[in-house]
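Every heavy atom of this structure was used, including side-chain atoms; hydrogens, water molecules and symmetry mates were not.
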Amino acid sequence: MGDPALVPRSDATVICGEPTLPWPDVRWDRLAIVGGLVLEVPDGWTAVARSGAVELRRVGSTSTLRPVDALAADPAEEHAAGAVVDPDTLLVEDAPDRLVVVGSTGTVRDVRYAEVGSTAVRITSWGPVDEWPAVVQVVDGVLRSRWSTPSGQRSTLDPESVRGIGLGAGTAGGRAAAPGRDRAAGLLTVRGPKGLFEHLVQVEDRGVVPGRLRRSEVGTAARAAGLTGRFGALTAAGAALLRPAHGPDDLLVVECRTRDVVTRRWRAWLRDGDALVVEDGDGGSAMGVLPDGQLVRDLLAWLDVDPTWAVAGAEPVSVPLAGLDDREGPCPSNVRWMQAAWRVRDWQTVRGWGERRQYGVLSIVVPGIGVFDREVDGDRLTMRPSSPAELARDVVRFLTAERRDQP
């Protein structure tokens, strides 16, 4: 029969009973089993049996499906164990049934617990972060396998467990914030006041800079960082820092707006595999040149979305656009998460675009409540509760040119 993870048609009824849906039109040697779950092996992947589990493989990426007795574990413990090996790992999502971490080397580890029919499975995916959105699609397809019927739609929003929703970030479903949730330290090496990058561009072609510019806050900071010399001109280090901004392959911008005012901005100039990144906000500026493979981790750390929010899976809500920024009047919805979000003053609209691409990131972040996809239709806005992992996948698509169109 060959690999024991692959099952021919004649043996399928022995494994999980007679299918209630028609047999799919697939090659019979492209089926795999995990406990009582029978699934189709996606095109481009191979299935290998691994001591009670099925491993799906393709070049660079691996997903392992294993039956388990329980639908959840302690993600904080798994993250803490991984952080020992890679201290700069970034925690993206930490839910009762989901753990997503991005490593410092540009890899992602995605652990998911799910129930399909009568089979509880633990799915561990590992591979390059730019392949992650495609791997997630494969996992989603496995969980929607026509060979088993899900026992029910599970939501991470339990009305009883999130009774305190809106009281602040750092809890998920009533769980206390676990150790190891601090955001990874920034990768950028130069820090100073706002306008530092613009100052360097302004003095780039000058041999002598007027004293008022040299003695200004940004001028003083530039010299202290070793980017300018005694007379204000760029040093070799300053010139090297700006090099990717000359003739870049692309310029990417992500902005966070509150009440239609830009409060933070992230910019990246890409050239020949390197990126000059400039982050402005929170009273200062940070800059540095990174390999473009580290952009995902840097941008996710800069967005600083709490990985523990619990509204993902709740029902969407449509509200009038008029007065949405100020929200002075009563909440126009009786949905509990929206009523809690309505009271939060500083919503953030996250928008990302590039010189050679359309919008790739478009979300709403409500501090202490959650992350939401947005869709404008005439004079109404529909907010769909999302998750930190879904926002992270949008970031990956944006940075790897797999983009959503602007609504």
Work out which heavy atom in Val317 is nearest to a heavy atom in Ser333; give both atom names and the distance. CG1-OG, 3.6 Å

How close do Asp346 and Arg327 get, counting heavy atoms only, and between which atoms? N-NH2, 4.2 Å

Any heavy-atom pair between the side chains of Val138 and Ser63 that's under 4.5 Å? no

Looking at side-chain heavy atoms only, is the closest gap between Leu242 and Phe197 below 4.5 Å? yes

Under the salt bridge (charged side-chain N to carboxylate O under 4.0 Å, His left out) test, residues paired with Arg264 that sit two or more places apart: none

Does the structure place the NZ or CZ of Arg393 under 6.0 Å from the centre of the six-membered ring of Trp132, at an angle of no more than 45° from the ring's axis? yes

Can you tell me if Asp326 has over 12 outside heavy atoms packed within less than 6.0 Å of its CG? yes

Considering the options Leu241, Thr189, Leu188, which one meets the side-chain contact (heavy atoms from CB on, under 4.5 Å) requirement together with Met287? Leu241

Going through the distances and angles, do Leu362 and Arg374 end up as a side chain to side chain contact (heavy atoms under 4.5 Å, CB included)? CA-CA 7 Å; Leu362 190 60; Arg374 51 168 286 170; 4.0 Å; yes

For a quick test of reading the model, state the closest non-hydrogen atom pair linking Ala47 to Val41 and the distance between them. CB-CG2, 3.8 Å

Between Arg380 and Asp377, does a salt bridge (Lys or Arg N to Asp or Glu O under 4.0 Å) hold up when you go through it step by step? CA-CA 5 Å; Arg380 298 188 69 82; Asp377 184 9; over 6 Å; no

Applying side chain to side chain donor-acceptor pair (under 3.5 Å), which residue pairs with at least one partner in residues 240-255 are found, sequence neighbours left out? Glu204-His246, Asp250-Arg357, Glu255-Arg257, Glu255-Arg265

Identify the heavy atoms of Gly226 and Thr235 that sit nearest to each other, and give their distance. O-OG1, 2.7 Å

Test item: Val54 and Val48 side chains (from C-beta on) under 4.5 Å apart, heavy atoms: no

Please state whether the rings of Trp302 and Trp266 are parallel, tilted or perpendicular, taking 30° and 60° as the class boundaries. tilted

Under the side chain to side chain donor-acceptor pair (under 3.5 Å) definition, can you give me all pairs with a residue in residues 271-285, not counting sequence neighbours? Arg267-Asp280, Asp280-Ser285

Contact check, side chains of Thr107 and Pro128, non-hydrogen atoms, under 4.5 Å: no

Atom pair CG/CG of Asp298 and Leu303 - distance to nearest 0.5 Å: 9.5 Å

Can Arg351 and Thr349 be counted as having a side-chain donor-acceptor contact under 3.5 angstrom? no

Salt-bridge contact Glu315-Arg384 (side-chain N to carboxylate O under 4.0 Å): no

Nearest 0.5 Å please: distance from the OG atom of Ser61 over to the CG atom of Leu56. 11.0 Å

Applying side chain to side chain contact (heavy atoms under 4.5 Å, CB included) to Val135 and Asp110, what does each step give before you reach the verdict? CA-CA 10 Å; Val135 173; Asp110 187 336; over 6 Å; no

Please tell me if the side chains of Leu381 and Leu324 come closer than 4.5 Å, counting only heavy atoms from C-beta onward. yes

With rounding to the nearest 0.5 angstrom, report the CZ to OG1 distance, Arg109 to Thr62. 12.5 Å

Minimum side-chain heavy-atom gap Val92-Leu99 below 4.5 Å: no

What is the distance from atom CE of Met383 to atom CD of Glu375, rounded to the nearest 0.5 Å? 13.0 Å

State which residues pass side-chain hydrogen bond (donor to acceptor under 3.5 Å, both in side chains) with Ser104; sequence neighbours excluded, sorted by chain then number. Asp86

By salt bridge (charged side-chain N to carboxylate O under 4.0 Å, His left out), Asp292 pairs with (sequence neighbours left out) none

Any donor and acceptor pair, going by atom type alone, linking the side chain of Trp342 with main-chain N or O of Gly329 inside 3.5 Å? yes

Between the CD1 atom in Ile369 and the CD atom in Gln339, the distance rounded to the nearest 0.5 Å is 11.5 Å

Could you go through the side chain to side chain contact (heavy atoms under 4.5 Å, CB included) check for Asp130 and Val296 one step at a time? CA-CA 8 Å; Asp130 57 349; Val296 169; over 6 Å; no

Is there a side-chain contact between Leu299 and Leu399 in this structure, where contact means two heavy atoms from C-beta onward sitting under 4.5 Å apart? yes

So which atom in Val100 and which in Ala389 form the shortest heavy-atom distance, rounded to 0.1 Å? CG2-CB, 4.1 Å

Look up atom CG in Leu270 and atom CG in Leu295, then write down how far apart they are to the nearest 0.5 Å. 5.5 Å

Using the ring of Trp347 (Phe, Tyr or Trp, six-membered ring only), decide whether Arg259 places NZ or CZ under 6.0 Å from its centre and within 45 degrees of its axis. no

For residues 205-219, tabulate all N or O donor-acceptor pairs below 3.5 Å that involve a side-chain atom, not counting sequence neighbours.
from	atom 1	to	atom 2	distance (Å)
Arg214	NH1	Val209	O	2.4
Ser216	OG	Leu213	O	2.7
Ser216	OG	Gly219	N	3.1

For the residue pair Arg58 and Thr46, establish whether any side-chain heavy-atom pair is separated by less than 4.5 Å. no

Evaluate side chain to side chain contact (heavy atoms under 4.5 Å, CB included) for Asp140 paired with Arg112, printing each intermediate quantity in order. CA-CA 11 Å; Asp140 289 344; Arg112 191 188 308 195; 2.9 Å; yes

For Val350 and Cys256 the tightest heavy-atom approach is CG2-SG, 4.1 Å

